[in-house]
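Below is one structure; the comments refer to it alone.
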Amino acid sequence: MTCQKTGHNFTKIAFKPLHTNLFNIVLLSIFLTIGSGKLYSQGITKKTTTIPTSKQTDSSKTAVPNSKKSATTIKKENDSIKIDTIKQKKAFLEGKVKYKAEDYAKIDQKKKLITLYNKAELYYQDIELKSGIIVMDYEKNEVYAGRLKDSSGVYTQYPNFKQGSNVVEPDSIRFNFKTKKALIWNSRSDQGEFKIKAEITKKENDSVYFLKNARFTTSKDVDNPEYYFQTRKVKFIPGKKVVTGLTNMVIADVPTPIALPFAFFPMSKETSLSGIILPSYNDSNTRGFSLQNAGYYFALSDNYDLTVLGDYYTNGSYGMRFESSYAKRYKFRGNFNVRFENLINSERGYPDYSKQKIYNIQWSHAKDSKSNPNSSFSASVNLGSSKYFRQSINQANVGSNLNNTLSSSISYSKTFNTVPQVRMSLTATHSQNTQTQEINMTLPTLQVSMDRIYPFVGKDGVKKGFFKNINLQYNLSGKNSIVTTDSLFFKPQMFRDAKTGIEHTIPLSTNFKLFKYFSASSSFNYREVWYTKTISRNYDIDQSKVVDNTINGFDAFRTYSFSSSLGTTIYGTFNFGDDKKIKSIRHVMRPSVSYGYTPSFEKYYDSYASDATGTMIKQYSRFESGIFGAPGNSNSNTLGFDLSNTFEAKVTDKDSTKIEPKKVMLLNNLNLSTSYNLNADGVTSLAFAPVRVSGGTQLLKNKMNVNFGATLDPYAINNSGTRINVFNIDNGGSLFRMTSANMTLNYAISSKEKDKPKKEKNTQSERNGGREDDLFGTNTDLGDSRKSQFGEEEENEEDKISEFFSAKLPWDMTFAYSLTYGNNNREKKIIGNSLMISANADITPKWKAGVSTGYDFVQKGVTFTQFRFERDLLSWRMDFNWTPFGDNANWGFFIGIKAGVLSDIKWDKRSRTNR
């Protein structure tokens, strides 16, 4: 075959796929002919390639001169050649091109085309292109990619065009390597939470796209979404923004009247962008109309942000919230929330008018252990007004409302790798009773402890015997305690009433074996307490009463005590035979006897005048008001008795293939404890203390937890309810008089598999002081209703049920039963008897329902009750919750888009509670 341009003859030569080196050499010669572009080939198989060859090889060799004269002539000719000033043509490609295809890769030198067919791939610089067919025109610097149609007429192998971090999945694409321009048909692209599809897309450069007839949605299926925004003209800047013309919202392929003349959608590779948070409308009978949760989100940096939200009611009530989250990889993470509300009920001049201010502060911080293994810092703070969760206009936190305690803790600890090792911790704690409004705080508590020192251990390090096991420690505890109320919180009086003290303890102890089967231990404890304030008690004539005067200055007292214990373990097995269902029962007893002695420290007690006559009474210690208490003025000489029991059985396994019997726990623990006072005189003190019995077990395949306890008093009481030195059996009663008893049952069942981990629920409610379960209902934060009230993450596609009805619909149920008996003064009555139930179920794969309720058998009434319903609308979510009665009676309805970028597209309507 003869080339029309050069006149050279060509011969067809077929190469096998393994001849890659020769193929690359020949391919390089082709591109040296057509230009100086760089091309690299890989993976071409099963096809022939046309390659040029020359017939003038032999004649060219004979024409080369062999004489020296000829060589000289050639040299002169080379010297006479002038340097060519014409610049060489620049390569049309600026990098290597890698490509492969499953069926064939065809090179058409005449048309300057490379065709890749079936599972074709092409890589050039930061561009990756995969498609059914790819055609590259290396003369026009263009590439075309399209889909293929299979034997059934269905299109497959759609193009996948990736440049940098941007991915486009169109029906077909045409791209120019030189100008970077492209024309894309039916492109599909993901930009954050958005999915974009356009009929025609024109790529001007790396940063600007123009789209025609485009749709935007957060639905997973962009080809058949449940909703989308339709627009005709779009300017799209990847990773930054989308600006559109007339935009119309379409739901289920039905256009809605919701339209905008133009629209702006932020697109960012960052986690979030700053922007306005649109409010929701509400109304109240006592506060009027309102706008809630209006504000602004500040994306301050990659490590922290800030959200400012506000509420306003027409009667003058308002609220402000500042919420911030922060994190630094491998260092720490946390969040900080401050909430303040000025509440006005009714209107000025009406009898029900009231005004108050409430606030709440929350801080959560966790340090990554990888940052420094020798130190740690953590914080969990929840403090503020005791009535905040009951009266807040922006919280429907049922769990926190029904809970009576708010608590906080901030702690820092550090370990010093010395010999012996020393550990130090600083802790600030807070405990607040929302009923009494009493607040207890420690600001701060210092704990220092030194590892045990064994002074009599030899170089071999063996600790065996009485002397070698002797060890001592040193512990220091410093506290600054504050007890105050809501009204005095952070006021000067709060700090004036603070109590400060430092306690030093040095325990000296040892343990050893006695008679081979008994474990014995002995300890001696030295204690020293320092105070900065003490009291002086005397009779004040002007006030006509005994008063305590505070004395500022350093003071201290020192005490010591001794204790020892002796215990053993007894095993007993009752065999019933291998042919029985219950083969044997094993009983393990751990009895122990302890002795403790503390002498009297009367030297720290003083006398004071109890009246105007000067009568002296010796019965007070100047350390009584101290945080660590005062030393005792009488010696303590006590014997203690403890007995713990466990019961387990071996039963025949239901699985006949198993040879070994199955172990079943009958009682996890059954404990009995009491003590005997060796110094009891029978009048002011009785010898035997009440016997405390407690136990617990698990039933129904470990799904039901049972715990019980009782207090048994061996002494009788008189008509006034005071214990007397007469045994109850000698007073016409039984051996023991049960003064109190309690029992709790917790039972949780679920249709889910045993090995599936239980999903965390209501973490927000638990952080605010509520319960981790939903026996008290679920928490609702009115500032963010996008999360499911069932507290579950989205399931994987393979876990979802495609049928409308299936017998495998998941459900779970929790029971809690509590019974309390009181007989301290012969009342013999049930003082507490309640049952609580919580159940959640999937009525259909898209419908969820739940209920939390209970009944109090003593008060004869229904406890807190809540009904929950939720509909999964794929990209949307709809829920309804209803509390029908009680102080927290309310209802709420919500429907909105799940995605955070469109969280303002919602309808949220809620009634106010009766509180």
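These numbers come from a predicted model, not from an experiment. Computed from heavy atoms alone, side chains included, the values below leave out hydrogens, waters and symmetry copies.
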Query - Donor-acceptor contact present, side-chain N731 to main-chain G733, <3.5 Å - result: no
Query - Test item: R692 side-chain N/O and A710 main-chain N/O as donor-acceptor pair under 3.5 Å - result: yes
Requested in this report: With rounding to the nearest 0.5 Å, note down the distance linking OG1 in T711 to CZ in F736.
Outcome: 12.0 Å
Query - Donor-acceptor contact below 3.5 Å, side chain N718 vs main chain G721 - result: yes
Report task. Go through the steps to decide whether Y715 and F727 satisfy the test ring pair (Phe, Tyr, Trp, His ring centres under 6.0 Å), and finish with yes or no. Result -> CA-CA 4 Å; Y715 292 103; F727 288 112; 5.2 Å; yes
Query - Gap separating the CG atom of N823 from the NZ atom of K829, nearest 0.5 angstrom - result: 11.5 Å
Query raised in the report: Do T442 and T429 have side-chain N/O donor and acceptor atoms under 3.5 Å apart?
Result: yes
Query raised in the report: Does any N or O in the side chain of N525 come within less than 3.5 Å of the main-chain N or O of S561, such that one atom is a donor and the other an acceptor?
Result: no
Query raised in the report: How about F688 and S675: do any of their side-chain heavy atoms sit closer than 4.5 Å?
Result: no
Requested in this report: Only one of D730, I729, N728 passes side-chain contact (heavy atoms from CB on, under 4.5 Å) with V726; say which it is.
Outcome: D730
Query raised in the report: Will you find, in the side chains of N337 and N360, an N or O donor that is under 3.5 Å from an N or O acceptor?
Result: no
Requested in this report: Run the ring-centre check on F857 versus Y855 and record whether the distance is less than 6.0 Å.
Outcome: yes
Query - Short side-chain donor-acceptor distance under 3.5 Å, S376 and S413 - result: yes
Query raised in the report: At what distance, to the nearest 0.5 angstrom, does NZ of K848 lie from CD1 of I843?
Result: 10.5 Å
Query raised in the report: About how many Å separate OG1 of T505 and CG of N475, when rounded to the nearest 0.5 Å?
Result: 4.0 Å
Query raised in the report: Are a donor atom and an acceptor atom from the side chains of T427 and Q447 found within less than 3.5 Å of each other?
Result: no
Query raised in the report: Is it true that a side-chain atom of T863 and a backbone atom of G854 form a donor plus acceptor pair closer than 3.5 Å?
Result: yes
Query raised in the report: Do P690 and R723 come close enough that some side-chain heavy atom pair is under 4.5 Å?
Result: yes
Query raised in the report: Any luck finding a side-chain donor-acceptor pair between S378 and S411 under 3.5 Å?
Result: yes
Query - Any side-chain heavy-atom pair of Y597 and L678 under 4.5 Å - result: no
Report task. Please check if the side chain of D856 supplies one atom and the backbone of V858 the other of a donor-acceptor pair under 3.5 Å. Result -> yes
Query raised in the report: Hey, are Q432 and S386 close enough side-chain-wise for a donor-acceptor pair under 3.5 Å?
Result: yes
Query raised in the report: With no hydrogens and no angle check, do the side chains of T573 and S584 hold a donor and an acceptor under 3.5 Å apart?
Result: no
Query raised in the report: Given E648 and R586, is the salt bridge (charged side-chain N to carboxylate O under 4.0 Å, His left out) satisfied, shown in steps?
Result: CA-CA 5 Å; E648 61 180 358; R586 188 187 191 195; 3.7 Å; yes
Report task. Check the side chains of Y747 and N705 for a donor-acceptor pair under 3.5 angstrom, ignoring hydrogens and angles. Result -> no
Query - Crowding at CD, E827 (>12 non-hydrogen neighbours, <6.0 Å) - result: yes
Query - Spacing of Q437 atom CD and D486 atom CG [to the nearest 0.5 Å] - result: 4.5 Å
**Report entry** Rounded distance (nearest 0.5 Å) linking atom OG of S694 with atom CG of N742
**Finding:** 9.5 Å
Report task. Would you please name every residue forming a side chain to side chain contact (heavy atoms under 4.5 Å, CB included) with S509, sequence neighbours left out? Result -> R452, N471, S523
Query raised in the report: In chain order, what residues pass the side chain to side chain contact (heavy atoms under 4.5 Å, CB included) check against N645, with sequence neighbours excluded?
Result: H587, M589, L643, F647, L670, L672
Query raised in the report: So with a 6.0 Å cut-off around CG of N719, is the heavy-atom count from everything else above 12?
Result: no
Query raised in the report: For atom CH2 of W882, is the number of surrounding heavy atoms from other residues, nucleotides or ligands below 6.0 Å larger than 12?
Result: no
Query raised in the report: Relative to each other, are the rings of Y412 and F377 parallel, tilted or perpendicular (30° and 60° limits)?
Result: tilted
Report summary line: For Y595, the side-chain hydrogen bond (donor to acceptor under 3.5 Å, both in side chains) test, sequence neighbours excluded, returns N637
Query - Exceeds 12 heavy-atom contacts within 6.0 angstrom, atom NZ of K387 - result: no
